[in-house]
**Student:** 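Mind looking over this structure? Questions follow.
What you are looking at is a predicted structure, and each value in this text was computed from that prediction instead of being measured.
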Amino acid sequence: MLFNSLQYIIFLPIVLILYRILPRKVRWVLMLVASYYFYMSWNAKYVVLILFTTGISYGAGLLLEKQEKKGLKKLIVGVSAGLCIAVLFFFKYFNFFFDSLTAVLSLVSIKLSPLTLKLLLPVGISFYTFQTVGYIVDVYRGNTRAERNFGIYATFVSFFPQLVAGPIERTSNLLPQIKDPVPFDTDDTMAGLKLLLIGYFKKLVIADNIAGIVDTVYASPAEFTGVNLLVAAVLFAFQIYCDFSGYSDIAIGSAKLMGIDLMTNFKAPYYSASIREFWSRWHISLSTWFRDYVYIPLGGSRCSKFRQCVNRMITFLLSGLWHGANWTFVVWGALHGLADVFETLFRKGLDRIRKIGVIRVLLT
C-alpha cells in the first residue's frame, strides 16, 4: 500500500475515525492492527520477519534490564542486534556480497558456482531494523526503560506512517506517545492536514512529473547534449528531494492527525553551505542515527584528528551501503565521506569563507 494510492486514501480516514472513537488506553491495539494490515498488504508472508525482529529486540530489552554484569550486557546487545541486522543483510545484501566475493576470487583463479537467491526485499526492513537496534542500544545505555507490554512495543516497531520511508524514530520520542495518546486537538489536525497536502504536492505534482523528463534523458543519454544532461541532473536532484521529503511529510502528517509527533526529516537541505550542514538537513533521522549508534561508539570526535577522519569515513561508507546493495552506493558514500573529512581538516579556512558569505550568496 503506497501513500499515493487509493487504498491509503481510504485506509487512513477509517483508521483516524476509529482511533478517535476508541478509549485512549486501547488505541495502541488499533494502531497495531492497522500497522500490520498496512505491512501485510505488501506481502503477507514477510510478517514473520518483522515479528522475529520485534521479538528479538523486545526480549533483549528485558534481559538487559535484569542483567548487571557489563560483559554479559554487551553480549546481549551484540547477539540481539546482530540477529536483527542478519535478517536485513540476508534479504538486502546477500546477493550483492556473494557476487562481489565471486568476482574478487575469480581474479586469483578461484571460481565459485553462481548463487543468486530470488529474494523480494521486505518493505521497510531497513527502517524497522535500525529502529529496533536503536532501542536495544538505548536500553543498554540506560537512556530508556525496556517496554514490558509486547503489543505496545510491536506497535512502536511497526507504526505504519513511518514504516515505509521513515523517519527512523527514537524510542524516547515515539514509544511514550503510543502508550499515552494525547487528547484530540484541532491544531494537530490542521497541522497534519497541511503536511499531507504539502507532501502530496511534492510527490504527485513535482516529483512524479519531473521523473518523466529525467527518465527519458537517463534512458538514452547519448542522444542528448551536455546542456540537456546538466538540466536532467539538476531536475533529478529536485525529484529525489520532493519524492523523499514528500513521503516524509505524508508520514509525519498522518501521525500528526493521531496526535503523534514524529521527528522532522528534512530542513531545506539544498540551502546548505557544506556537506556537514547538508547531512544535518537531509534525512535527519538517518544521519543522526548513524551519528548516535555508529560514529560516537567508534570514538566520534573524542580522539585524534586521524582517527576522527577514519570514523567519519566508516560512517559514510556504511551510510552509502544502507542506501542500496550496489558498489555505486558505496562509492557515493565514500565521496560524501571524503568531502566531510576535507571539511574536518580545513574547517577554520572554510569557516572564514562562510563568514564572508560567498557560498551562501551563490546558493541563494
**Student:** Who passes side chain to side chain contact (heavy atoms under 4.5 Å, CB included) against Ile213, sequence neighbours left out?
**Tutor:**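 Once residues adjacent in sequence are excluded, the partners of Ile213 under the side chain to side chain contact (heavy atoms under 4.5 Å, CB included) criterion are Leu235.
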
**Student:** Where do Phe130 and Phe290 land on the ring-ring contact (aromatic ring centres under 6.0 Å, His included) test, with the steps shown first?
**Tutor:** CA-CA 10 Å; Phe130 272 28; Phe290 272 107; 5.6 Å; yes

**Student:** Please enumerate all residues that pass side chain to side chain contact (heavy atoms under 4.5 Å, CB included) together with Lys66, with sequence neighbours excluded.
**Tutor:**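 Per chain and number, Lys66 pairs via side chain to side chain contact (heavy atoms under 4.5 Å, CB included) with no residue.
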
**Student:** Ignoring hydrogens and geometry, is there a side-chain-to-backbone donor-acceptor pair from Ser319 to Thr315 under 3.5 Å?
**Tutor:**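 No.
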
**Student:** Is the shortest heavy-atom distance from the side chain of Leu345 to the side chain of Val341 under 4.5 Å?
**Tutor:**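 Yes - at least one pair of side-chain heavy atoms lies under 4.5 Å apart.
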
**Student:** side-chain hydrogen bond (donor to acceptor under 3.5 Å, both in side chains) with Thr225: which residues, sequence neighbours excluded?
**Tutor:**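 Asn228.
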
**Student:** Counting only N and O atoms by type, is there a donor-acceptor contact under 3.5 Å from the side chain of Tyr241 to the main-chain atoms of Tyr270?
**Tutor:**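 No: the side chain of Tyr241 does not pair with the backbone of Tyr270.
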
**Student:** Hey, is the main chain of Val205 close enough, under 3.5 Å, to the side chain of Asn209 for a donor-acceptor pair?
**Tutor:**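 Indeed, once roles are kept as given, a pair shorter than 3.5 Å links the two residues.
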
**Student:** Answer yes or no: are there more than 12 heavy-atom neighbours, outside Lys179 itself, under 6.0 Å from its atom NZ?
**Tutor:**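 No - once you tally the heavy atoms of other residues, nucleotides and ligands closer than 6.0 Å, there are 12 at most.
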
**Student:** Side-chain heavy atoms nearer than 4.5 Å, only ILVMFWY residues, links allowed to pass through others: does that put Leu51 and Met31 together?
**Tutor:**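 Both belong to a single hydrophobic cluster.
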
**Student:** Are the side chain of Thr54 and the backbone N or O of Ala154 linked by a donor-acceptor pair below 3.5 Å?
**Tutor:**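 Answer holds: no.
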
**Student:** Applying a strict under-4.5 Å side-chain criterion to I, L, V, M, F, W and Y, I'd like to know whether Phe329 and Val294 cluster together.
**Tutor:**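 No, it is not one cluster - the side chains of Phe329 and Val294 are not joined through contacts under 4.5 Å.
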
**Student:** What I'd like to find out is whether the side chain of Ile9 reaches to under 4.5 Å of the side chain of Tyr200, using heavy atoms alone.
**Tutor:**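 Yes, at least one pair of side-chain atoms sits under 4.5 Å.
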
**Student:** Would you say that more than 12 heavy atoms from the other residues, nucleotides or ligands in this model lie under 6.0 Å from the OH of Tyr218, or not?
**Tutor:**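 For Tyr218, atom OH is crowded (more than 12 foreign heavy atoms under 6.0 Å).
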
**Student:** Just by modelled atom types, is the Gly324 backbone N or O under 3.5 Å from a matching donor or acceptor in the Tyr93 side chain?
**Tutor:**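 Such a contact is absent between Tyr93 side chain and Gly324 backbone.
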
**Student:** For Gln131 and Glu169, indicate whether the former's side chain and the latter's backbone hold a donor-acceptor pair under 3.5 Å.
**Tutor:**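 Checked: pair present.
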
**Student:** Heavy-atom distance under 4.5 Å between the side chains of Val182 and Phe184, does that happen here?
**Tutor:**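 In short, these two side chains do not touch, never coming nearer than 4.5 Å.
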
**Student:** Given 3.5 Å as the limit, does a donor-acceptor pair link the side chain of Arg141 with the main chain of Val139, or not?
**Tutor:**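 Checked: no pair found.
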
**Student:** Under the salt bridge (Lys or Arg N to Asp or Glu O under 4.0 Å) rule, what pairs show up with a residue in residues 206-219, not counting sequence neighbours?
**Tutor:**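 For residues 206-219: Lys203-Asp208.
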
**Student:** If you look only at pairs with a residue in residues 189-202, which of them pass as a salt bridge (Lys or Arg N to Asp or Glu O under 4.0 Å), with sequence neighbours excluded?
**Tutor:**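 For residues 189-202, and leaving out neighbouring residues, the salt bridge (Lys or Arg N to Asp or Glu O under 4.0 Å) pairs sorted by first residue read Lys202-Asp249.
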
**Student:** So if I apply the side chain to side chain donor-acceptor pair (under 3.5 Å) rule between Arg170 and each of Thr144, Asp292, Asp138, which one comes out positive?
**Tutor:**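 Answer after filtering Thr144, Asp292, Asp138: Asp292.
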
**Student:** Can you tell me which residue pairs pass the ring-ring contact (aromatic ring centres under 6.0 Å, His included) test with a partner in residues 72-92, sequence neighbours excluded?
**Tutor:**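 Qualifying pairs, neighbours excluded: Tyr46-Phe91, Phe89-Phe97, Phe90-Phe94.
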
**Student:** Quick check: do Leu12 and Leu196 have side-chain heavy atoms less than 4.5 Å from each other?
**Tutor:**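 Leu12 vs Leu196: side chains touch.
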
**Student:** Quick one: which residue pairs count as a salt bridge (Lys or Arg N to Asp or Glu O under 4.0 Å) with a foot in residues 26-39, not counting sequence neighbours?
**Tutor:**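 For residues 26-39: none.
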
**Student:** Is a donor on one side and an acceptor on the other found under 3.5 Å between the side chain of Glu65 and the backbone of Gly61?
**Tutor:**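 Not confirmed, Glu65 side chain does not pair with Gly61 backbone.
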
**Student:** What ring-ring contact (aromatic ring centres under 6.0 Å, His included) pairs are there with at least one residue in residues 156-176, not counting sequence neighbours?
**Tutor:**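 Sorted pair list: Phe11-Phe160, Phe38-Phe160, Tyr153-Phe156.
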
**Student:** Partners of Phe127 by ring pair (Phe, Tyr, Trp, His ring centres under 6.0 Å), sequence neighbours excluded?
**Tutor:**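 Scan of Phe127 (ring pair (Phe, Tyr, Trp, His ring centres under 6.0 Å), adjacent residues dropped) gives Trp322.
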
**Student:** Relative to each other, are the rings of Phe316 and His336 parallel, tilted or perpendicular (30° and 60° limits)?
**Tutor:**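 Parallel, since the angle between the ring planes stays under 30°.
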
**Student:** Checking Tyr293 now: which residues fulfil ring pair (Phe, Tyr, Trp, His ring centres under 6.0 Å) with it, not counting sequence neighbours?
**Tutor:**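 Expected list: Trp289.
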
**Student:** Between Ile250 and Trp42, is there a shared hydrophobic cluster once you connect ILVMFWY residues whose side-chain heavy atoms come closer than 4.5 Å?
**Tutor:**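 Looking at the clustering, Trp42 is in the same group as Ile250.
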
**Student:** Test of understanding: with side chain to side chain contact (heavy atoms under 4.5 Å, CB included), list the residues that count as partners of Val310, not counting sequence neighbours.
**Tutor:**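 Counting only residues at least two positions away or on another chain, Val310 forms a side chain to side chain contact (heavy atoms under 4.5 Å, CB included) with Phe306, Arg307, Ile314.
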
**Student:** Looking at residues at least two apart in the chain, or sitting in another chain, which of them share a side chain to side chain contact (heavy atoms under 4.5 Å, CB included) with Ser285?
**Tutor:**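 Partners of Ser285 under the side chain to side chain contact (heavy atoms under 4.5 Å, CB included) test: Pro167, Ile168, Met263, Asn265, His283.
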
**Student:** Exactly one of Asp185, Asp188, Asp187 should register a salt bridge (charged side-chain N to carboxylate O under 4.0 Å, His left out) with Lys256. Which one does?
**Tutor:**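 It is Asp188; the other options fail the test.
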
